[in-house]
Amino acid sequence: MSSPGQAAPDPRRWRALVVCLVAGFMTLLDVSIVNVALPSMQRGLGASAAELSWVVSGYALTFGLVLVSSGRLGDDRGRKKMFLISLALFTITSAVAGFSVDPTMLVVARLLQGAAGGMLNPQIIGVIQQLFSGRERGRAFGLFGAVIGVSTAVGPLLGGLLLEWTGEAEGWRWVFYVNVPVGIVALLLGLWWLPTDETATAERRPLDVVGAILLGGAVVALMLPLVLSEQDFAGAPWWLVGVAVLLGLLFVAWERRAKRTHGHPLVNFGLLRTRSYAMGTALGLLYFAGFTSIFFVLTLFLQQGRQFTPLEAGLALTPFAVGSAVSSAVGGRLISRLGKPLIVGGLVTVVVGLVATDVVLRLDPASVGWAIALPLLVAGIGGGLVIAPNQTLALEEVPAREGGTAAGVLQTGQRIGSAIGISAVGAVFFSTLASSRGDWASSISRGLVITVGLVVLALLVGIADLVAGRFSRRTPVPDDGSGPDAGSGPDPTDDAREDDPVEESGPAVVGKVVRAEDGEPVPGAVLTLVDETGHQAARAEGDPQGAFRLAPPHAGSYQLVARAQGRAPDVGRVAVSEHASAYDVVLGPAAEDHVVRTVR
């Protein structure tokens, strides 16, 4: 049986995922693929260094600008509709960028292309949240994580291949044209395979326009000096960081007012009180700060410091992409079984790989491309065990209704992290290069030290989250009446439920957690009720016989999140009445083995 109120899995979900992965690959590929084509653009259009900087930075800026607002639009107005509109805009702006006749036209096209990509990505994660659950969701996010890792790492290689095949003079145009046929095919498949939007007009929440403007202004004010500093660190408008802080404070104040007045703010800050989401967002920001800066400094070092061609530089970075692709798919399958230790292990592996890369580069070998292949492969394997598993666990307790908005906040953090990392690593890299009068080996080493430091910070966040999770599983929660021994009525065992399951006063969920294989109790399970706004309504730890009792503040529909050591975590929807409602939670190693079964 399925969970009460939860529909059977959509039979088209895996085909819909294919469409999402293709679209996600296109948008994320365009972050890095243009780097190797910049010299060709400069020659072909006569672009200045500042204009070339905007071709790269403008895309990242507008991408991050619209993530949260477009995620909310998808949640409220329909994800399929927003997906198709965004994908169409991305395809059109890609064609316009390739057709550009002057640098200004190219910069404007890139700004619009970035905005379209930023509109599209929250819909992808929202669709995954909507169509998949349990272990299947981990696999889906694993595949999406592979797309993130591969698209970022393989961008220079694909750009180099396109320039090799189409020529240096006009080859840069095909960096954009390649999106057009892929985008058209994805649009047609999306029309057929994506689930139909079921959002009724009466359910639509009012758009928080003021909140969107304040948040957008804060993101722009923060990211603008970061992206401009990639070319000139000292000349970047760092005073805008203060403006970003002010706008951020105004945004928080406005959102609290919106919550009080109409109850539908742009961002539900209650989500940040969910530890898994808050810690996952912080970890993603720090990891992306280190992750994306790797390719920035290594591409510069190989092409300018070691005179690699664009194709050779792309091939040298391919081991990272290969390792990331393989481990992302594997990590998606293992995350439901291993949980947060998998992410911590992945971060440790990334640190080991990057430190080994730094050691090899300090030795300055003659065949540098071959010498760094194994360390980059190790780092890529670790990276694949971080991105997708972290995304899976961060969104695990987020209600499906908030999926797009939560994904927008999560990805905004990743974009800001990327900008911070590239800015910090670039500043150290270029300042060392200038002070050492062209010592590329010393410059790349200093840059990698900053990169490793950022990944280590992400590792510390992961360890803190892991320790906090284990501590909370051992600590009873007596203050909300939701512990296994709480309440004035009988213990919620099977016998008690059969005799009088509603003797408890007030709304409550009582039941047992058992194993799918043999029905034996699962001791010490952690159960959480999450309401429709993403707030934790109640939390309890099961007793040694698997019994639990959860007492939310009022009746209604909740998501029941169940976790236990050695069991696959899962989520089921439960309806809580004004009296105690009895449910059994059955946990098994596979998604199809888990049900939340109504007893009465």
Side-chain angles (χ1 to χ4, degrees), residues 5-7 10 13 16-17 19-20 23-24 63-87 89 115-133 137 140-141 144 190 194-216 219 251 255 258-259 262-274 277 280-281 391-392 394-414 530-535 556-559 571 573:
Q6 187 174 22
D10 192 316
R13 61 193 183 280
L17 179 64
V19 180
C20 291
F63 193 106
L65 172 64
V66 301
L67 282 168
V68 177
S69 300
S70 57
R72 170 67 180 275
L73 280 172
D75 289 342
D76 290 350
R77 266 51 177 178
R79 295 187 182 116
K80 179 175 182 177
K81 182 190 304 180
M82 282 295 296
F83 181 97
L84 295 175
I85 291 173
S86 305
L87 182 56
L89 289 174
M119 292 167 60
L120 182 60
N121 266 266
Q123 318 314 324
I124 295 171
I125 298 182
V127 168
I128 294 175
Q129 283 279 93
Q130 175 184 338
L131 295 182
F132 297 93
S133 62
R137 183 180 290 175
F141 274 129
F144 185 59
L194 289 179
T196 303
D197 295 326
E198 298 178 354
T199 305
T201 304
E203 296 175 346
R204 291 183 177 178
R205 296 173 286 184
L207 294 178
D208 185 5
V209 178
V210 175
I213 293 173
L214 289 172
L215 179 60
V219 171
F251 171 71
E255 293 299 281
K259 181 69 175 178
H262 55 73
H264 299 295
L266 177 66
V267 174
N268 176 16
F269 289 115
L271 293 175
L272 296 177
R273 290 198 289 271
T274 303
Y277 180 71
T281 300
Q391 201 147 248
T392 302
L395 297 173
E396 181 183 44
E397 296 181 39
V398 173
R401 178 69 186 272
E402 301 280 350
T405 309
V409 174
L410 185 68
Q411 290 195 318
T412 300
Q414 293 172 358
V530 182
D531 65 22
E532 292 293 333
T533 65
H535 292 77
S557 179
Y558 295 87
Q559 284 187 314
V571 181
R573 186 162 293 280

Are V530 and Y558 side-chain neighbours, meaning at least one heavy-atom pair lies under 4.5 Å? no
G118 and L67: which non-hydrogen atoms are nearest, and at how many Å? O-CD2, 3.3 Å
Return the minimal non-hydrogen interatomic distance between V219 and T412, and the atom names on each side. CG2-CG2, 4.2 Å
F144 versus N121: any side-chain heavy-atom pair under 4.5 Å? yes
I'd like to know if the side chain of Q123 reaches the main chain of C20, judged simply by a donor and an acceptor atom lying under 3.5 Å from each other, with no hydrogens or angles considered. no
Is a side-chain N or O of Q391 found less than 3.5 angstrom from the main chain of F141, in a donor-acceptor match? no
Mind checking the CD1-OG spacing from I85 to S70? Nearest 0.5 Å is all I need. 11.5 Å
Using 0.5 Å steps for rounding, measure from the CG atom of L215 to the CD atom of E255. 8.0 Å
I need the minimum non-hydrogen distance between P195 and Q130, along with the two atoms involved. CG-NE2, 3.9 Å
Work out which heavy atom in F83 is nearest to a heavy atom in A23; give both atom names and the distance. CZ-CB, 3.7 Å
Indicate yes or no: at least one non-hydrogen side-chain atom of V66 is less than 4.5 angstrom from one of P122. no
Please give me the minimum heavy-atom distance between L395 and Q129, naming the atom from each residue. O-NE2, 3.3 Å
Residues in side chain to side chain donor-acceptor pair (under 3.5 Å) with Y277, at least two apart? none
One should read off an interatomic distance between M119 CE and L65 CG, to the nearest 0.5 angstrom, of 11.5 Å
Could you measure the distance from the CZ atom of R79 to the CD1 atom of I125? Nearest 0.5 Å is fine. 11.0 Å
Looking only at heavy atoms, which two atoms of R77 and D197 are closest? And how far apart? O-OD2, 4.4 Å
Could you grab the distance from atom CG of L131 to atom CZ of R13, nearest 0.5 Å is fine? 8.5 Å
